[in-house]
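Report on one structure; see the data block that follows.
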Amino acid sequence: MITTLLQHCIADALKKLYNIDADAESLVLQATSKNFEGDYTFVVFPYVKQARKAPDMVGREIGEEVQNQCSEVKSFNVVKGFLNFVIDERYWLAFVAKHVGDKQYGMKTAATDAAPIVVEYSSPNTNKPLHLGHVRNNLLGWSVSQLLKANGNNVKMVNLVNDRGIHICKSMLAWQRFGNGETPENSGVKGDHLVGKYYVEFDKHYKAEIKELMEQGMDEEEAKKQAPLLLEAQSMLKRWEEGDKEVRALWEMMNGWVYAGFDETYQRLGVGFDKIYYESNTYMLGKELVQKGLDMGVLYRRDDGAVCADLTDAGLDHKVLLRKDGTSVYMTQDLGTALLRQHDFGAEQLIYVVGNEQDYHFQVLKIILKRLGYDWADKLYHLSYGMVELPNGKMKSREGTVVDADDLITEMEQTAAAMSKEHGKNDDLSPEQQQRLFHMLAMGALKYFILKVDPSKNMLFNPAESIDFNGNTGPFIQYTHARICSIIRKAESEQNVVIKAGQDVTIQQLLSEKERDVIKQLHNLPATIEAAAAAYSPAMVANYAFDLAKAFNSFYQDTPILRDTDRDTMMFRIQLCSMVATTLKNTMMILGIEVPDRM
RNA sequence: GGUUCCGUAGCUCAGCUGGAUAGAGCAACUGCCUUCUAAGCAGUAGGUCCUGCGUUCGAAUCGCAGCGGAAUCACCA
């Protein structure tokens, strides 16, 4: 890596010239600004005081020393306190020669025997279908997992399905009461949507009951608690917990519908899991932990019998972990599942992809685990992402402004198909191939649109912009890949060109500005993957892919490739094309986006 | 009210541990297809980086204060 080489040369120079001890790794090298000549820039201001010389003098002295020591440095210039290094062409050519034909350039191979990083994401409730918020979660979870793999980690993806609780009983009850035996089969309604329909149905009738009770003179608070439907749902939950056969059978049937529906959506989204946990199996966990905490004296029992954690010394509040009736709460379960997961995987790290509305929850979870004596609590990482908002505000199920995941995907596919047909470039493909392409483009647009935004930030989902094919979009990058594939196909068929690893890379003339830009961007890939993985940010990968595609298109626009009459030059440019195609494909794969060979 | 996050072009977003004249895309306007895919390229225009103070040779970036927005502070999950 040229930058680490430069860092060490500079550190040596600082020592030799001014007796300054600097840690080579900590020296900052930045890409030279476009307005100046050079590839990498070192800012000397921080050292002028110790060097006791003027900035440009320090720059020249370090520059000369580094140039003498480092053959890769062709020349340098100093502008004010900025020392700009120009890297020798041969370095860039050697770089291309080294990696051309490598289908895994920049991707580290995952160590399968290492302790895994466990990524939990998705974690849906089984009472309603997936919506846009879940889509961001799923795409992020999948992408971060791929990113960590690309960075050489052993990654396990897990899903914790919230398949029990009062909310599930509500849809069960409503179906029993108002369903008339409707099933996904006899109605043609997708399972998760069907169950979601009865969840809404419950709410409708429940509200009506409240209203009626209030008209009879009951106050609202009381009416909400006394509505017969709610009482019945509660009693159903109780029977469920007691293992009542009839209730369990109903539960299993309806959950089966939901899972079939979810699987379909997951498949369309292109996400998956190594292991699925069900809360119905894990919800009892955690109670023992609470007992342990009581024994250890880190938890206390309140007068009414509830068990709590006093977190006031950590600047937080008191947190109830067992209700006075002894039942567990969400936090109790999460304590238990964390322990279970740690046992199952012996993880190096436990990542939770969960929205930022649960920041407080995870803060508390970590502290309590720590107090229970689990040092691995430090391995928990809450990958907290922002909300998805719509142009007219937040999604509200009550106002019907929730964007359904299935509908969204279908609409994207239809739009992609319409746009693609308009271009007419794919008319000769078979209907199956076309469908596959439209889906690829639709998902490319959707995924890129969501993933290009930094996870921690709230984002605005503008449906019109999300399906855009121009500019900073997934299809733009897909298109760039398709173009390159077209060139390579022609090169292979018309020029008998073969691209493989370990080829010679030679040109007679100097690299053009555009060629150099493309090479430098390719050269940035490993550092980008590392930085993105460290930040858990697919957005950094997305931006990288866009910059590379832009650099390539600019190069492509005014540089002859197959048209060039010099065989070496043509060959070199095809090699460059090939590396760009590979890199675009791999970086888009990290985002969960496939790239077509033509479009 | 406490805590946390956010505020960059008309809109959506990049700007990493402080560095040169703050960048993209969309929208607007100009050019470029008899030539490797124009889903592209090149260009014009568009900015008190929320405000103020401070630290520094140097601040969009760090600190404090204020303004504006969001989340959270459940015996819900």
Side-chain angles (χ1 to χ4, degrees), chain A residues 26 28 30 32-36 41 43-46 48-49 55 79-82 84 123 125 162 165-167 279 302 304-308 315-317 319-325 327-331 333-334 355-361 363-364 384 386-387 389 391 394 419-420 422-423 425 441 449 452-454 456-462 464-466 468-473 475-476 478-480 482-491 494 527 531-532 534-535 537 539-540 542-543 546-547 549-550 553-564 570 573-574 577 598-599:
Chain A
S26 65
V28 180
Q30 48 188 309
T32 301
S33 159
K34 268 184 203 157
N35 308 308
F36 302 91
T41 296
V43 182
V44 303
F45 286 117
V48 297
K49 210 174 229 174
V79 183
K80 290 188 276 180
F82 297 87
N84 304 316
S123 307
N125 288 337
N162 181 358
I166 189 71
H167 49 289
E279 218 182 273
R302 216 166 51 186
D304 64 359
V307 180
C308 311
L316 305 174
D317 221 326
K319 177 72 193 176
V320 171
L321 294 176
L322 285 182
R323 300 185 183 100
K324 60 190 171 198
D325 63 4
T327 55
S328 57
V329 297
Y330 176 46
M331 181 63 70
Q333 295 172 32
D334 245 15
N356 63 9
E357 73 269 16
Q358 293 195 35
D359 286 353
Y360 182 79
H361 172 80
Q363 210 182 337
V364 172
S384 166
M387 321 239 84
E389 282 159 26
K394 285 176 66 173
M419 293 175 90
S420 200
E422 201 175 314
H423 279 280
K425 294 181 184 178
L441 297 179
F449 186 80
K452 75 176 172 183
V453 181
D454 185 274
S456 67
K457 295 196 173 170
N458 285 1
M459 66 167 293
L460 184 86
F461 186 85
N462 184 323
E465 284 176 23
S466 70
D468 201 341
F469 279 29
N470 305 314
N472 190 358
T473 66
F476 167 82
Q478 290 172 316
Y479 175 67
T480 306
R483 277 176 136 184
I484 299 175
C485 287
S486 171
I487 296 170
I488 292 176
R489 272 195 303 272
K490 281 208 168 95
E494 295 170 15
S537 174
M540 292 172 69
N543 284 319
F546 175 61
D547 287 339
K550 235 182 353 174
N553 280 323
S554 181
F555 154 79
Y556 174 83
Q557 187 66 25
D558 51 26
T559 312
I561 300 169
L562 300 177
R563 294 193 305 250
D564 202 286
M570 180 192 79
R573 289 183 181 150
I574 295 169
C577 285
R598 52 169 289 188
M599 66 183 267

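Just so we're on the same page: letters track the sequence lines, and every chain starts at 1. Bear in mind the structure is a predicted one, so any value in this text is a computation, not a measurement.
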- Message: Using a heavy-atom cut-off of 4.0 Å across all strands, would you classify A:Thr480 as base, sugar-phosphate, or nothing?
- Response: nothing
- Query: Ring-on-base stacking between A:Tyr479 and B:A39, under 5.5 Å between centres and under 30° between planes: is it there?
  - Reply: no
- Task: Indicate whether any N or O donor in one side chain lies under 3.5 Å from an N or O acceptor in the other, for A:Asp468 and A:Thr473.
- Result: no
- Message: Without decimals, in angstroms, what is the distance between A:His167 NE2 and B:C76 C1'?
- Response: 9 Å
- Do any side-chain nitrogens or oxygens of A:Lys550 fall under 4.0 Å of OP1 or OP2 in B:G40? no
- Please work out if A:Met599 contacts a base, only the sugar-phosphate, or nothing of the nucleic acid, heavy-atom cut-off 4.0 Å. base
- Query: When rounded to the nearest Å, what value does the distance between C1' atoms of B:A71 and B:G25 take?
  - Reply: 29 Å
- Considering every strand shown, what is the Watson-Crick or G-U wobble mate of B:G46 when both distances are under 3.5 Å? none
- Message: Taking pairing as Watson-Crick or G-U wobble with both contacts under 3.5 Å, can you name the mate of B:C32, or confirm there isn't one?
- Response: B:G40
- Query: Rounded to the nearest Å, what distance is computed from the CD atom of residue A:Glu389 to the C1' atom of nucleotide B:C6?
  - Reply: 11 Å
- Item | Gap between atoms CE and C1', on A:Met540 and B:C13 respectively (whole Å) | 15 Å
- Query: Can you check the A:Asn356 CG to B:A77 P distance for me, whole Å?
  - Reply: 20 Å
- Between A:Lys457 and B:U12, is there a side-chain N or O to OP1/OP2 distance below 4.0 Å? no
- Message: From CZ of A:Arg323 over to C1' of B:C76, roughly how many Å is that when rounded to an integer?
- Response: 8 Å
- Who is the Watson-Crick or G-U wobble partner of B:C64, with both distances under 3.5 Å? B:G52
- Query: For the side chain of A:Asn84 and the base of B:A20, is some donor closer than 3.5 Å to an acceptor across the two?
  - Reply: yes
- Residue-phosphate contact under 4.0 Å: A:Arg573 side-chain N/O, B:C36 OP1/OP2: no
- Item | Assigned partner base of B:A9, Watson-Crick or wobble definition, under 3.5 Å | none
- Check every strand shown and say whether A:Val329 touches a base, only sugar-phosphate, or nothing at a heavy-atom separation below 4.0 Å. sugar-phosphate
- Task: Please indicate yes or no: is the ring centre of A:Phe546 less than 5.5 Å from the centre of the six-membered base ring of B:A24, with the two planes inclined by under 30 degrees?
- Result: no
- Message: Less than 4.0 angstrom between a side-chain N/O of A:Ser554 and OP1 or OP2 of B:A42, yes or no?
- Response: yes
- State whether A:Lys425 places a side-chain N or O below 4.0 Å from either non-bridging phosphate oxygen (OP1 or OP2) of B:A39. yes
- Is there side-chain contact between A:Val43 and A:Val28, with at least one heavy-atom pair below 4.5 Å? no
- Have a look at A:Ser486 and say if it touches a base, only the backbone sugar-phosphate, or nothing, with a 4.0 Å heavy-atom cut-off. base
- Query: To the nearest angstrom, how far is A:Asn458 atom CG from B:U4 atom C1'?
  - Reply: 13 Å
- Item | Residue mapping more 5' on RNA chain B - nearest nucleotide basis, A:Phe36 or A:Gln363 | A:Gln363
- Could you say whether the aromatic ring of A:Phe82 and the base of B:G19 stack, counting only centre distances under 5.5 Å and plane angles under 30°? no
- Could you say whether A:Phe555 or A:Thr32 is positioned toward the 5' end of RNA chain B, judged by the nucleotide with the nearest heavy atom to each? A:Thr32
- Query: So, for A:Ala491 and A:Leu562, which heavy atoms are closest and what is the spacing to 0.1 Å?
  - Reply: CB-CD2, 3.7 Å
- Does B:U21 pair with anything, Watson-Crick or G-U wobble, both distances under 3.5 Å, and if so, with which nucleotide? none
- Look at A:Asn472 and B:C26 and indicate whether a side-chain polar atom (N or O) is within less than 4.0 Å of OP1 or OP2. no
- Rounded distance (Å) that lies between atom C1' of B:A74 and atom CD of A:Gln358: 13 Å
- Task: Look at all strands and tell whether A:Asp304 reaches a base, only sugar-phosphate, or nothing, counting heavy atoms closer than 4.0 Å.
- Result: base
- Message: Just to be sure I understand the rule, does A:Leu562 reach a base, reach only the sugar-phosphate, or reach nothing, if contact means heavy atoms closer than 4.0 Å?
- Response: base
- Task: Quickly work out the A:Asp359 CG to B:A70 C1' distance and round it to whole Å.
- Result: 12 Å
- Query: Between A:Phe449 and A:Phe461, how do the two ring planes meet: parallel, tilted or perpendicular, split at 30° and 60°?
  - Reply: perpendicular
